[in-house]
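Letters A, B, ... are given to chains in the order of the sequence lines, protein chains preceding strands, and every chain is numbered from 1. Keep in mind that this is a model prediction, so the values were computed, not measured.
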Amino acid sequence: MNNTTRPTLLILLGPTGVGKTALSIKIANHFQTEIISCDSRQLFKEMQIGTAVPEDEMLKQIPHHFIQSNSIFGNYNAARFETEVLERLEKLFAVHPVVLMTGGSMLYIDVVCKGIDDLPDVDPELRATLMERMKEEGIERLRAELKLLDPVYYHEVDLRNPVRIVHALEICYTTGKPFSSQRTKTAKQRAFNILKIGLNRDRTELYNRINSRVDEMMAAGLVEEARSLYPYRELNTLNTVGYRELFDYFDGNCSLEEAIEKIKANSRKYARKQLTWFRKDPDIHWFHPDQEAEILHLITN
RNA sequence: GGUGCCAUAGCUCAGUUGGUAGAGCAACGGACUGAAAAUCCGUGUGUCCCUAGUUCGAUUCUUGGUGGCACCA
């Protein structure tokens, strides 16, 4: 196979607040291409301030995809992201030899690069029922059920993680087959080359940026945005850093100052979690966001 | 200036009837293929302010400092 004739998906990733957005505009300009956002929360048009969506002028400068494109009232997941991004990429690659994908949603990045198993959609009713049973009957009962339906997965799964157990049961019930028998554990092949560029910076520097960005969100009206979403707080999508802490404040569980501190701390925690995930990916080429020249050199060679 | 109280982890503090010490938060690490900014798991990181005593042994008791707080002048 001749790789030089294949288009390239350039992926710019890194922890929240590291400075991906600014650099992505420069790179996209350089290649005269478009940007696919890989952010599981910027997808939703109702969440703008709290997810640090790029400013309007940036969005006007370069066409962006998968940003503010969906509603929190619909169902979204990683599998759907895979399908939609691949479709979009096919169209974009017809015009651009290089397309840039930017974002920090770890699973979503992996899904575009390696794919996700082909499983049926889960009926929201079934999920609600299982979660209800988890609450009523306790995790042991559902564990025992999983052991019966899928002993293989039972021995692999983190038995203390309710979400994992529920999901396995969901698949067992909707397909009538063990979940484990449908897990391929192999990466899908892509018709394009992938180049991953990771951005990171000194931890203190990163944390300062995260903290001040939260202050900027507050100044931009995050409280008002969160208040308008407060009635829908039960939606999974709104179980997100920056919103759930303010919901707590609206409930009277803490002061506004405490909520803000909590948002900062949880954002820092999220950044750490992202780094943990990225660390084990050997394909990532790491840079400081200021190393523009070095990054362009790597890309064009 | 006088009197009293305080000084222990990055922060707020607990504790040791004298045998070198923990909680919360923060921090740090890990898992993770259909909720993923989700969900789950793990780790104490310390001149117990300094000094000199008493003692087998002092972070703990005593002396003298230093710093902080409160009250009185």
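- For A:Asp215, the salt bridge (charged side-chain N to carboxylate O under 4.0 Å, His left out) test picks out A:Lys264, with sequence neighbours left out.
- Remark: side-chain polar atoms of A:Gln42 are not paired, donor with acceptor, to backbone N or O of A:Ser37 under 3.5 angstrom.
- No donor-acceptor contact under 3.5 angstrom links the side chains of A:Tyr154 and A:Glu145, judged on distance only.
- When the P atom of B:G29 is taken as reference, atom CZ of A:Phe278 falls 15 Å away, rounded to whole Å.
- A salt bridge is absent between A:Asp118 and A:Lys188: the closest approach of a Lys/Arg side-chain nitrogen to an acidic carboxylate oxygen does not fall below 4.0 angstrom.
- With hydrogens and angles ignored, no donor-acceptor pair under 3.5 angstrom links the side chain of A:Asp117 to the base of B:G34.
- With respect to A:Glu140 and A:Lys147, no salt bridge is recorded, no charged nitrogen being found less than 4.0 Å from a carboxylate O.
- Among the protein residues, A:Thr186 comes within range of the nucleic acid bases, having at least one heavy atom under 4.0 Å from a base atom.
- Here A:Thr276 reaches the OP1 or OP2 of B:G30: one of its side-chain N or O atoms lies under 4.0 Å away.
- Salt-bridge formation is not detected for the pair A:Arg143/A:Glu137: no Lys NZ or Arg NE/NH1/NH2 atom is positioned less than 4.0 Å from an Asp or Glu carboxylate oxygen.
- Within 4.0 Å (heavy atoms only), A:Asp110 reaches no atom of the nucleic acid at all.
- The existence of a salt bridge linking A:Glu87 and A:Arg80 is excluded, since no basic side-chain nitrogen approaches an acidic carboxylate oxygen closer than 4.0 Å.
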Problem - Secondary-structure notation, RNA chain B, from Watson-Crick and G-U pairs under 3.5 angstrom (| other strand) - result: (((((((..((((.....[..)))).(((((.......))))).....((.((..]....)).))))))))).
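- Applying the ring-ring contact (aromatic ring centres under 6.0 Å, His included) criterion to A:Tyr270, with sequence neighbours excluded, gives no partner residue.
- Taking the P atom of each, B:A21 and B:U63 are spaced 27 Å apart, rounded to whole Å.
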Problem - Per-nucleotide protein contact string for nucleotides 38-45 of chain B (B base, S sugar-phosphate only, - none; heavy atom under 4.0 Å) - result: BBSS----
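- By the 4.5 Å heavy-atom criterion applied to side chains, A:Leu235 and A:Leu229 are not counted as neighbours.
- Rounded to whole Å, the separation between the C1' atoms of B:U20 and B:G1 comes to 39 Å.
- Summary of the strand contacts: A:Leu275 and A:Asp39 both lie near RNA chain B, and taking for each the nucleotide with the nearest heavy atom, the more 5' one is attributed to A:Leu275.
- No engagement by A:Gly242 is indicated, since no non-hydrogen atom pair under 4.0 Å with the nucleic acid exists.
- Among the heavy atoms of the strands, none lies under 4.0 Å from A:Ser267.
- Taking atom C1' on both nucleotides, B:U62 is separated from B:U51 by 13 Å, rounded to a whole Å.
- Here B:A36 presents its C1' atom at 14 Å from NZ of A:Lys114, a figure rounded to the nearest Å.
- Taking atom C1' on both nucleotides, B:G22 is separated from B:A52 by 30 Å, rounded to a whole Å.
- Judged by the 6.0 Å distance and 45° axis criteria, A:Arg183 is not positioned over the aromatic ring of A:Tyr153.
- Under a 4.5 Å side-chain heavy-atom cut-off, the cluster of Ile, Leu, Val, Met, Phe, Trp and Tyr residues that includes A:Val53 is completed by A:Leu59, A:Ile67.
- Atom name C1', nucleotides B:G15 and B:G53: the rounded distance is 25 Å, in whole Å.
- Within the 4.5 Å cutoff, no side-chain heavy atoms of A:Glu205 are placed close to those of A:Val18.
- Only the C1' atoms considered, B:U55 is 9 Å distant from B:G18, to the nearest whole Å.
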What does the list of N/O pairs under 3.5 Å between the protein and nucleotides 25-27 of chain B look like, with a distance for each?
from: B:A26; atom 1: OP1; to: A:Lys262; atom 2: NZ; distance (Å): 3.3
from: B:A26; atom 1: O3'; to: A:Arg268; atom 2: NH2; distance (Å): 3.2
from: B:A27; atom 1: OP1; to: A:Arg268; atom 2: NE; distance (Å): 2.5
from: B:A27; atom 1: OP1; to: A:Arg268; atom 2: NH2; distance (Å): 3.4
from: B:A27; atom 1: OP1; to: A:Arg272; atom 2: NH2; distance (Å): 3.0
from: B:A27; atom 1: OP2; to: A:Arg272; atom 2: NH2; distance (Å): 2.6
from: B:A27; atom 1: O5'; to: A:Arg272; atom 2: NH2; distance (Å): 3.2

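- On the P atoms, B:C50 is 16 Å away from B:G67, given to the nearest whole Å.
- When each of A:Gly50 and A:Arg80 is assigned the nucleotide of RNA chain B with its nearest heavy atom, A:Arg80 is the one assigned upstream, toward the 5' end.
- The A:Lys280 side chain lies nearest to B:C32 when the options are B:C32, B:U33, B:A35.
- Taking atom C1' in both B:U60 and B:C6, the straight-line distance is 15 Å, to the nearest Å.
- The A:Tyr108 side chain lies nearest to B:A36 when the options are B:C32, B:A36, B:G34.
- If you check B:U33, B:A31, B:A35 against the side chain of A:Arg127, the one that comes closest is B:A35.
- Counting non-hydrogen atoms under 4.0 angstrom, A:Met134 reaches nothing in the nucleic acid.
- Taking 4.5 Å as the limit, every side-chain heavy atom of A:Arg244 sits out of range of all side-chain heavy atoms of A:Asp248.
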